[in-house]
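Within every chain, numbering begins at 1; the chains are lettered A, B, ... in the order of the sequence lines, protein sequences first and strands thereafter. Hydrogens, waters and symmetry mates are skipped; everything else that's a heavy atom, side chains included, is used.
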Amino acid sequence: MQKALLDDVCWRNRVRKTKYICGCDVSYWPAMKSIKKVRAACAVYKYPELEEIEVAIYTESPKKTFPYVPGYLSFREIPFLLKAIEKLKSPVDLFMVDGQGRAHPRGMGLAVHLGLLLKKPTIGSAKKRLYGAETEVAAKKGSVSYLRDKKGDIIGAKLRTRDNVKPVYVSQGWGVSLERAVEIVLNSCPKYRLPEMIRAAHNNAQINGGKINS
DNA sequence: GCGACAG
DNA sequence: ATCTTGTCGC
């Protein structure tokens with residue numbers, strides 16, 4: 001399915017106005033075996049001011065969830081993400097997800113798949129590498145190095161969003177150039193390692209603030 | 001066969 | 001991903 005969907009992907013930049021960016025994330029409880037609750041959250045932020053405009057949350061107690069399998073995260077999280085996204089009332093120009101986009105074994109990471117379904121520009125911002133050859137990136141905020149596939153083509157970027165802090169992996173989703181994606185992610189990290197809208201989505205998706213109870 | 005492996 | 005606990009740097 002991922003290989004087939006790749007034909008519909010637009011790597012060209014077709015984004016002009018990015019006044020409203022929505023960060024998305026999903027949390028599970030418990031995390032490992034027999035998941036009882038899943039919560040997806042979306043946080044719309046005004047860009048580049050980074051002011052929160054709206055938050056939408058969707059919670060469910062699914063009988064069964066698609067397992068986490070590296071390379072197939074889309075099938076596990078997209079169903080929940082769509083539920084939270086459809087609750088949004090405010091307009092969104094671009095979606096940012098916590099995961100890879102083009103930097104994926106088949107070029108079909110979560111961000112790309114979601115963009116195809118929504119027909120909206122998307123960007124993938126991940127905390128760890130999934131695929132691609134990487135090189136060191138300078139310690140200064142704003143520094144970039146690139147992720148390449150086996151052919152040597154660039155499929156993503158390793159971006160330092162804070163001085164001396166572990167970099168984030170940025171890659172194209174749908175309809176956004178890598179250059180633009182890197183620029184947007186960097187402008188969304190004024191004080192923390194991760195983009196503000198993703199941090200907000202992550203926080204709102206938390207089911208038990210770090211405790212085993214409730 | 002072995003190592004890697006988003007969340 | 002989630003949970004726990006401790007340490008290091010600005």
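- Contact annotation: A:Ser27 side-chain N/O to C:dT2 OP1/OP2 distance is under 4.0 Å.
- The side-chain contact (heavy atoms from CB on, under 4.5 Å) test with A:Tyr47 is passed by exactly one of A:Thr18, A:Ile53, A:Leu94: A:Thr18.
- Taking atom CG on A:Asp163 and atom P on C:dG9, their separation rounds to 16 Å, with Å as the unit.
- For A:Pro70, counting side-chain heavy atoms from C-beta on, the closest listed nucleotide (B:dA6, B:dG7, C:dT2) is B:dA6.
- With centroids closer than 5.5 Å and planes inclined by less than 30 degrees as the test, A:Tyr68 and the base of B:dG7 pass as a stacked pair.
- The main-chain N or O of A:Gly101 is found under 3.5 Å from a side-chain atom of A:Ser171 such that the two form a donor-acceptor pair.
- With B:dG7, B:dA6, C:dT2 as the candidates, the nucleotide lying closest to the side chain of A:Leu130 is B:dA6.
- Taking 4.0 angstrom as the limit, A:Arg129 places none of its side-chain polar atoms (N or O) nearer than this to OP1 or OP2 of B:dA6.
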**Q.** Intra- and inter-strand pairs of DNA chain B in dot-bracket (Watson-Crick or G-U wobble, both distances under 3.5 Å; | for another strand)
**A.** .......
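- The main-chain N or O of A:Tyr20 is found under 3.5 Å from a side-chain atom of A:Asp93 such that the two form a donor-acceptor pair.
- Residue A:Tyr72 is in base contact, counting any heavy-atom pair closer than 4.0 Å across all strands shown.
- Whole-Å rounding puts the A:Tyr169 OH to B:dG7 C1' distance at 15 Å.
- Between A:Lys46 and A:Glu51 there is no salt bridge, since no side-chain N of the basic residue sits under 4.0 Å from a carboxylate O of the acidic one.
- The closest side-chain heavy-atom distance from A:Gln2 to A:Phe75 is below 4.5 Å.
- Rounded to whole Å, atom P of C:dC8 lies 19 Å from atom NZ of A:Lys166.
- With salt bridges taken as basic N to acidic carboxylate O contacts below 4.0 Å, none links A:Asp153 and A:Arg148.
- Taking atom CG of A:Leu73 as the reference point, atom P of B:dC5 lies 15 Å away to the nearest angstrom.
- Computed from coordinates, the A:Glu77 CD to C:dT2 P distance equals 9 Å when rounded to whole Å.
- Atom C1' of nucleotide B:dG7 and atom CG of A:Leu110 are separated by 9 Å, given to the nearest angstrom.
- Checked for salt-bridge contact, A:Glu60 and A:Lys83 miss the test: no charged N lies under 4.0 Å from a carboxylate O.
- With B:dC5, C:dA1, C:dC3 as the choices, the nucleotide that has an atom nearest any side-chain atom of A:Trp29 turns out to be C:dC3.
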